[in-house]
Structures are given as C-alpha cells and as structure tokens.
Asks: 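This is the structure I have questions about; it appears just below.
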Amino acid sequence: MTAETDTQTTTVYRVTGMTCGHCEGAVTKELTALPGVTSVKAVAATGEVTVVSATPLADEDVRAAVDEAGYELAEA
C-alpha cells in the first residue's frame with residue numbers, strides 16, 4: 001500500500017522472517033540507509049514495515065535492503 005502527499009510517500013511492505021526487536025532493528029537500519037527515506041517502522045509481530053520517503057522507492061532497492069538485513073520482502 002502506498003500513499004502520497006505533496007511532500008512524502010508512505011508505503012507499507014510485508015517482510016517475512018522477522019521475529020523480534022533485533023530483526024526490526026536490522027530491517028530498519030538497512031531501509032533507513034536508502035536515499036530519501038525519512039522514517040521506518042518495522043513490526044515483527046505483523047511483518048509490516050512502514051517506510052516514509054521523500055519520493056517513491058524502487059521495489060528493487062527495497063528488496064535489496066531487506067535481503068541485506070537477512071529477510072525477505074513478501075510479494076504484494
């Protein structure tokens with residue numbers, strides 16, 4: 001799900017494999033490093049990761065960041 005405003009884009013992704021706070025931190029760290037990302041909130045209990053960015057992110061970039069953290073981006 002993606003919502004755009006005049007100044008930012010908010011997208012909710014599903015990430016599989018997160019089970020704890022450490023998992024949330026790893027995913028958050030990798031996604032925060034993407035250009036334009038201003039906020040990341042990962043919730044292991046639901047597998048949802050909410051990303052706020054200045055512009056829409058390329059799915060390939062998000063997938064690569066999640067993979068780097070050791071998890072998998074679920075298909076939409």
Asks: Mind running side chain to side chain contact (heavy atoms under 4.5 Å, CB included) on Val43 and Lys41 for me, showing each step along the way?
Replies: CA-CA 7 Å; Val43 181; Lys41 179 171 176 55; 4.3 Å; yes
Asks: When the side chains of residues 21-39 are checked against the rest of the protein, which donor-acceptor pairs come out under 3.5 Å, sequence neighbours left out?
Replies:
{"unit_1": "Glu24", "atom_1": "OE2", "unit_2": "Ala44", "atom_2": "N", "d": "2.8"}
{"unit_1": "Thr28", "atom_1": "OG1", "unit_2": "Glu24", "atom_2": "O", "d": "2.8"}
{"unit_1": "Thr32", "atom_1": "OG1", "unit_2": "Thr28", "atom_2": "O", "d": "2.7"}
{"unit_1": "Thr38", "atom_1": "OG1", "unit_2": "Val52", "atom_2": "O", "d": "3.2"}

Asks: Which atom pairs, one a donor and one an acceptor, fall under 3.5 Å between side chains of residues 55-73 and the rest of the protein, sequence neighbours left out?
Replies:
{"unit_1": "Arg63", "atom_1": "NH1", "unit_2": "Leu73", "atom_2": "O", "d": "3.1"}
{"unit_1": "Arg63", "atom_1": "NH2", "unit_2": "Glu75", "atom_2": "OE2", "d": "3.4"}

